[in-house]
Amino acid sequence: MRVLVTGGAGYIGSVVAAQLVDVGHEVTVLDDLSTGHEDAVPEGARFVRGDIREPGAALDGVEAVLHFAARSLVGESVEQPGRYWAHNLGGTLALLDAMRAKDVRRIVFSSTAATYGEPERSPIVEDAPTRPTNPYGASKLAVDTALTAFAGMYGLGAVSLRYFNVAGAYGRFRERHAVETHLIPNVLKVALGERPSVSVFGTDYPTPDGTCVRDYIHVADLARAHLLALEACAPGSHQIFNLGNGTGFSVKEVIEVCREVTGHEIPAIVGDRRPGDPAVLVASSDKIQRELGWKPEHTAMRGIVGDAWAALSGK
Ligand code: UDP
């Protein structure tokens with residue numbers, strides 16, 4: 001299939017683009033390189049540097065779009081809400097209009113489990129209430145709402161995938177953010193000697209060891225779900241699936257595995273809670289397992305950290 005991957009120079013987009021190329025799809029990556037890296041575009045994909053609001057010829061002949069291009073920092077979204085609404089919702093609406101103009105009828109959207117907000121029940125299922133607690137989650141939820149309307153009105157075939165903590169690496173494709181806020185890359189930077197220590201944001205949560213529990217999904221498993229979703233796009237329907245590892249890991253557990261994998265002592269300093277962090281975030285992926293036959297293969301934290309470390313350190 002001829003596909004367009006927006007944000008394909010970023011972490012998740014580049015892994016999906018690489019897997020699409022691997023199985024024989026004809027891939028164009030559209031990315032403005034605001035946070036992505038041109039050298040993350042996989043070999044075999046065509047690269048167009050540009051804005052999703054004006055995809056132009058990048059959409060010519062395309063049969064499906066996999067849409068990753070977005071602003072994705074929760075804290076920044078609280079400080080600069082306009083930016084998130086403009087990029088994530090405004091940008092996607094413009095992309096959807098351009099798709100309609102060029103008769104592109106399938107989209108797989110990189111949504112987020114942040115659309116649910118603070119969960120009432122764990123693990124989170126797809127019909128849980130959607131009450132995002134920040135503009136990032138709200139802007140992604142608004143796109144999901146728009147996709148449902150576009151599917152109903154124009155016959156678009158859409159699938160949204162909702163996930164939280166993505167980790168690991170796929171070969172050389174890894175997480176590379178200018179401002180790194182995520183736990184695993186920050187811990188590994190200590191082992192690399194780029195940071196003196198890692199902060200543990202709160203040890204007084206109602207969890208077994210007092211630190212937050214998250215559901216870390218391996219980026220290769222996550223990417224595979226996008227390929228299944230692409231095949232599952234059906235005209236006039238908008239399907240939503242959660243994705244997760246199935247198991248939660250605490251911040252302390254993650255740091256301990258990073259110590260084992262890297263052989264570095266990794267000093268950890270206990271700090272205050274980070275505002276807005278719920279104690280436990282774990283997604284149920286029963287629906288996608290049942291309906292699309294997806295199954296996570298890399299569920300052990302050791303393997304997830306091991307792949308991230310190999311890509312980062314070259315070891
Ligand atoms: N965290 C931490 N120290 C860090 C970065 C993150 O203790 O340097 C914690 C954070 O409070 C959360 C978990 O690690 O409980 C995962 O955070 P991350 O930013 O990786 O992902 P999020 O869950 O916010 O999407």
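Remember, it's 1-based here, ligands and their atoms both numbered in the order they're listed.
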Whether Tyr216 and Phe249 hold their rings parallel, tilted or perpendicular, with breakpoints at 30° and 60°: tilted
Region of Asn165 that comes within reach of ligand 1 [heavy atoms, distance under 4.0 Å]: side chain
Numbered atoms of ligand 1 (with element) below 4.0 Å of Asn186, judged on heavy atoms: 8 (O)
Main-chain N/O of Ile266 paired to Arg259 side chain as donor or acceptor, under 3.5 Å: yes
Sub-4.0 Å atoms of ligand 1 with respect to non-hydrogen atoms of Cys212: 15 (O)
Shortest protein contact, atom 1 (N) of ligand 1 (heavy atom only): Phe201 CD1, 3.5 Å
Whether His226 and Tyr163 hold their rings parallel, tilted or perpendicular, with breakpoints at 30° and 60°: perpendicular
Shortest heavy-atom approach to atom 17 (O) of ligand 1 - which of Arg274, His182, Arg214: Arg274
Nearest neighbour of atom 8 (O) of ligand 1 from the list Gly202, Pro185, Ser199, Ser250, on a heavy-atom basis: Ser199
Heavy-atom side-chain proximity of Val41 to Asp31 below 4.5 angstrom: no
Ligand 1 N/O within reach of Val251 N/O, cut-off under 3.5 Å: no
Short N or O distance, Tyr216 and ligand 1, threshold 3.5 Å exclusive: no
Heavy-atom side-chain contact between Leu228 and Ile288 under 4.5 Å: no
Ligand-residue contact atoms, ligand 1 with Asp277, heavy atoms, under 4.0 Å: 10 (C), 11 (O), 12 (C), 15 (O)
Sidechain N-carboxylate O distance under 4.0 Å for Asp277, Arg214: yes
Validation row, ring centre Tyr170 to ring centre His298 under 6.0 Å: no
Location of contacts on Val200 toward ligand 1, heavy atoms closer than 4.0 Å: backbone
Sub-3.5 Å N/O-N/O distance, Leu183 and ligand 1: yes
Protein heavy-atom partner closest to atom 5 (C) of ligand 1 - residue, atom, separation in Å: Thr181 O, 3.4 Å
Stacked cation flag Arg273 on Tyr205, 6.0 angstrom / 45 deg: yes
